Amino acid sequence: MIVRLKTFISKNFFSPPKLVVKNKILNKLGFQILRIYYMILKFKTKKLFFSIKKKGSLENRINEEVHKKGYCIIEDFFKKSEFDLIKNTIELIKQENVLKKIKYGNVDVLVGELILSKKYNKDVKKIVELFNCSEAKLAIENILYSKIKSFQCPTYQEITLKENLIDEDDINSEFHPDRFYTCVKSFFYINNNSMENGAFEYYPESHKLNKERILYEYFHSIFVSSKNYSEEDLFNKEFVLTNGRITLTKKKLNELFGEPIICSAPENSFVISNNMGFHRRGKIQPNQVRKHLRNDYYDFQINPILRNTKNFIKNKIR
C-alpha cells in the first residue's frame with residue numbers, strides 16, 4: 001500500500017514531462033512539437049544561469065563524447081579496492097532478500113535500490129559517496145545545467161535468461177528514446193557486459209534534434225495516442241509495432257544513424273548516455289547474466305522545489 005502511494009504521488013505530481021501526452025487531436029495539431037520547443041527554450045534558459053565547470057580531462061571527455069555521440073564509456077572507473085567494496089556489498093545485500101524478483105518478458109530480473117539494505121547501510125553510504133566524489137557527477141551537472149547535490153542511491157539490476165528460452169516480449173529490448181529532451185542515465189558494470197549478456201545498445205548521434213527527429217516525434221505522438229491504427233499506417237511512416245512498443249523500423253534507424261553501438265565493456269566500467277537518443281537493453285543469450293548499477297537523472301528536468309519535495313516524500317514513505 002505504501003509503495004503504491006509513493007508511486008502514485010511521484011508519477012502524478014512530481015515527474016518530469018512525459019514522452020507523449022496521449023491526446024490524438026492535440027498531437028495532430030502539433031502539440032508534441034510545441035512541447036519540444038518549450039523544452040528547448042527552458043533548457044537554453046537554464047544554460048544561461050549555469051556556470052559550467054570542467055576541472056579535469058575526464059570531465060572534458062565525458063562532455064565532449066555525450067554531446068557528440070550521445071554516450072560515453074569509461075573503463076577502470078574506480079580503484080580495485082573501491083570496486084571490490086561495491087561488488088562484495090551487493091552480494092551481501094542479495095542474501096538479505098530485500099531485492100525484488102520480476103520478469104521482463106522471458107527474462108528474470110533481480111532489482112532494487114541498495115538503500116533497501118538495513119544490515120549494510122554503512123557500506124551503501126560509502127558506495128554513494130564514491131559516486132559523489134567521482135568525475136561523473138560534475139560531468140552530468142554540465143550536461144543537464146543543473147547542480148547535483150548528491151548522487152541518488154543506485155539501483156541494482158541483475159538480468160538472466162534460462163536455458164532454452166528466447167529473449168522476447170520485453171518492451172525495453174526495442175529501440176526507443178526515453179524523452180524528447182536531454183535526459184541522462186548511467187550504468188555501472190558489476191560484471192563484464194557484452195553482446196552475449198545483453199549490454200546496453202545505442203544509436204550514435206540519435207539524440208540530436210533535427211528534421212527527421214521532429215517528424216518522428218510528430219507521427220509517433222499520433223500513433224501512440226491513437227486507439228485505432230493499422231500496421232499499414234505504421235509502415236507507411238516507417239514505424240513498426242514490436243513487443244508492445246511503437247518505434248521506427250530497423251531499416252529506418254540504420255538509414256538515419258548507421259549501425260547501433262553495443263556498449264561492451266569490462267566490469268568496473270561506467271556508461272553515461274543521453275537517453276533522448278534511441279537505445280535499448282540488448283538481447284541476452286540463455287545462461288548469461290548481466291549485472292549493473294543504474295541511475296537516472298530525469299528529475300533534474302523538474303522544478304528544484306518539486307524535486308526536493310519528492311525526495312522528502314520518498315525518504316519518509318518507505
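Since we're looking at a predicted model, the values are computed, not measured. As a basis for the values below, the full set of heavy atoms in this structure was taken, side chains included, without hydrogen atoms, waters or symmetry mates.
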Minimum heavy-atom separation for [X] to [Y], with atom names?
X: Gly198; Y: Arg290; answer: O-NH1, 3.0 Å
X: Leu248; Y: Leu256; answer: CD1-CD1, 4.1 Å
X: Asn27; Y: Tyr218; answer: O-CE1, 3.2 Å

Is a side-chain N or O of [X] found less than 3.5 angstrom from the main chain of [Y], in a donor-acceptor match?
X: Glu82; Y: Lys79; value: yes
X: Tyr181; Y: Pro17; value: yes
X: Asp296; Y: Val184; value: no
X: Thr247; Y: Phe175; value: yes
X: Asp233; Y: Tyr229; value: no
X: Asn275; Y: Cys183; value: no

Answer yes when [X] and [Y] have at least one side-chain N-carboxylate O distance shorter than 4.0 Å, and no when they do not.
X: Glu141; Y: Lys149; result: no
X: Arg280; Y: Glu201; result: yes
X: Glu174; Y: Arg281; result: no
X: Glu267; Y: Lys87; result: yes

Check: Phe49 ring centroid to Tyr145 ring centroid under 6.0 Å: no

To the nearest 0.5 angstrom, please state how far the CZ atom of Arg35 sits from the CG atom of Leu19. 7.5 Å

